[in-house]
Amino acid sequence: MGYLRLLRQRSVLVLWLAQSLSVLGDRLYALAVMWVVYASTGSASLMGLIAVVESLPYIVLGTAGRHVVARFSTFGRLARVDAARALVAVSLPFLWSPDPWGVALLLVGVLLLGSLGALFDPNLGALVPDLVEPDRVQQVTGLFDLTGRIARIAGPASIGLLLLAVSEVQLFALNGVTFAVSAVALGWLARRYAVVTGEGAVERPGKARSAVRAWPVLRAHPRVGLAVGLHGIALFCSAVTAVGMPALLATRYGAGAAVYGLVTAAVGVGALLGNPLASSRRSGGWLAVYCGAWALQGAATACMGLVLNLPALLLLALVSGLVTPATSVTLRAHLGAFAPAERLRLMSVDQTVIRTGGTAGMLLLPFLVDASPRGAFVVGGVMVAGSALASLVVASRLLRPDAALPLPAAARGSAVAAE
């Protein structure tokens, strides 16, 4: 398998292991923060506020902070970001108290972690393609996508065992430990790699890449802008399944948490099966694959609101998970083919769009779920499928061709291992 060949490269192996642990810690943190807030306050609206506060820095920095984000576009500076995240996360259990002051401190901690994450996530995504040759960008993108898929299953599965030994608040400290491990791995990579620019000058890990404006790049590559916009619409509609699945199961089937766990597991298994397929795609037509995958997922979501029995619902959940990697891997691999500065800016824009869409969906769509869980699934699914098909039509009939893609960084010798 291509993943095993990738993992024989020490740099890829070290970063993948560190990020696997870090993403697992993030899942534990996400579960812990919601549980702690609800257990202490009994307020579902405050849980929603936590989600908004965590996403707000992504939106602000992605919209108006391109120069700030670009300053952290090296492994060494990302190591410092993760060290700061470790410090914040480890401090939270010592500052937390089940009163308004403790909740306020927790909100500040969530805001800090969100701000540091907004610096970290697009930069790491932009650096990963530099670890491999251009023809393996699709595979390495799939490998790191697999990290999140595994964490989504392992996180909820492991939290029950961990809570036998530690409290919910102490899960924050465990997340801090995972950030510390990631910081060490990134520091090792900073010493191992030098980045070579297109002019042949060596750009040492301490020197950040230049910031570029997004609009000229998107004008030259309109299909990328179309794909990013579709990504935002899809993440807006994803709030239907995130919020609405428990309501759908309860009102339609009289089912509880056990069946909800089974549906979630079906999505996770489908995503694990779909990941190798998405990462092994070699042919062109990336936008057709991307839009087709979203159309299938939208259709599956709409059908979830229409089916009459649980086996059919589980099958649709499996299909939904199966096509999910084709969306994330396809777009990120295509962005990974851009030159480093453009790649970072486009990944930052994509992160901003999906965070904005996801936050708006979590604020607005629960009202639709409250009115009709089944109707919410149908509306959300049709919106995603319709947007995907409309994007294909626009791309094929109305948009001018993309400009020639810049040579990938790896093709220009961007990642030179210090063997």
Side-chain angles (χ1 to χ4, degrees), residues 6-7 9-23 58 61-62 66-85 116-134 136-148 179 181-198 202-212 217 279 328-329 331-351 406-418:
L6 282 174
L7 291 174
Q9 297 179 222
R10 189 182 303 173
S11 55
V12 174
L13 177 62
V14 168
L15 185 59
W16 185 77
L17 289 175
Q19 291 309 305
S20 296
L21 184 61
S22 181
V23 173
Y58 286 86
L61 286 172
R66 61 187 174 94
H67 292 287
V68 177
V69 174
R71 287 179 61 85
F72 294 87
S73 56
T74 66
F75 287 123
R77 294 189 180 188
L78 288 186
R80 292 194 280 274
V81 170
D82 256 355
R85 291 204 287 183
L116 293 167
L119 298 174
F120 185 91
D121 292 346
N123 276 302
L124 181 67
L127 285 169
V128 164
D130 288 343
L131 299 175
V132 297
E133 299 82 6
R136 304 185 77 179
V137 169
Q138 183 95 13
Q139 280 190 343
V140 80
T141 303
L143 177 64
F144 280 84
D145 176 80
L146 185 63
T147 299
F179 285 141
V181 172
S182 176
V184 171
L186 290 165
W188 177 81
L189 283 167
R191 293 188 298 271
R192 183 178 177 85
Y193 278 89
V195 178
V196 179
T197 66
V202 175
E203 191 176 291
R204 296 296 175 187
K207 183 180 178 182
R209 292 167 177 164
S210 60
V212 299
V217 183
S279 68
S328 58
V329 173
L331 179 57
R332 291 185 71 84
H334 185 71
L335 298 184
F338 281 79
E342 288 81 5
R343 180 198 312 159
L344 171 59
R345 188 62 187 136
L346 289 174
M347 287 188 175
S348 182
V349 168
D350 182 55
Q351 190 81 249
L407 280 176
R412 293 153 54 185
S414 64
V416 180

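We're numbering straight along the sequence, starting at 1.
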- Query: Between the side chain of R77 and the main-chain N/O of R71, is any donor-acceptor distance below 3.5 Å?
  - Reply: yes
- Note on the structure: In terms of heavy-atom contacts, A118 and V69 come closest through O-CG2, 4.4 Å
- Message: Minimum heavy-atom separation for V12 and L6, please, with both atom names.
- Response: CB-O, 3.6 Å
- Note on the structure: Between V14 and A185, the two heavy atoms sitting closest are CG1-CB, 3.7 Å
- Query: Can you check side-chain contact (heavy atoms from CB on, under 4.5 Å) on L116 and F179, steps first, answer last?
  - Reply: CA-CA 11 Å; L116 293 167; F179 285 141; over 6 Å; no
- Message: Within the 4.5 Å heavy-atom criterion, are D145 and R332 side-chain neighbours or not?
- Response: no
- Separation of L17 CG from S22 OG (nearest 0.5 Å): 12.5 Å
- For side-chain contact (heavy atoms from CB on, under 4.5 Å), just list the numbers for Q19 and L124, CA-CA rounded to whole Å, side-chain angles, deciding distance to a tenth of an Å, and then say yes or no. CA-CA 10 Å; Q19 291 309 305; L124 181 67; 3.5 Å; yes
- How long is the span from the CZ atom in F72 to the CG atom in L61, to the nearest 0.5 Å? 9.5 Å
- Any chance you could measure T141, atom OG1, to L331, atom CG, to the nearest 0.5 Å? 10.0 Å
- Item | L119/V68 under side-chain contact (heavy atoms from CB on, under 4.5 Å): CA gap, chis, key distance, verdict | CA-CA 8 Å; L119 298 174; V68 177; 3.9 Å; yes
- Name all residues meeting the side chain to side chain contact (heavy atoms under 4.5 Å, CB included) criterion together with V181; count only those two or more places apart in sequence or in a different chain, and write none if there are none. L21
- Separation of R345 CZ from F338 CZ (nearest 0.5 Å): 14.0 Å
- Message: Donor-acceptor pair, distance only, cut-off 3.5 Å: does the side chain of W16 make one with the backbone of L143?
- Response: yes
- Would you say L186 and L15 make side-chain contact, with heavy atoms under 4.5 Å? yes
- Message: Test your reading of the model: is there a side-chain donor-acceptor pair from S348 to the backbone of L344, 3.5 Å cut-off?
- Response: no
- Heavy-atom pair with the smallest gap, counting every atom of A333 and Q138: CB-OE1, 3.3 Å
- Please name the pair of heavy atoms, one in R192 and one in S11, separated by the smallest distance, quoted to 0.1 Å. NE-CB, 4.1 Å
- Task: Mind checking the CG-OG1 spacing from L127 to T74? Nearest 0.5 Å is all I need.
- Result: 7.5 Å
- Item | Residue pair D130, R343: steps toward the side-chain contact (heavy atoms from CB on, under 4.5 Å) verdict | CA-CA 11 Å; D130 288 343; R343 180 198 312 159; 3.2 Å; yes
- Task: For A341 and V212, work out which heavy atoms get closest and say how close.
- Result: O-CG2, 3.6 Å
- Message: Would you compute the distance between atom CG of L189 and atom CG of L78 and round it to the nearest 0.5 angstrom?
- Response: 10.0 Å
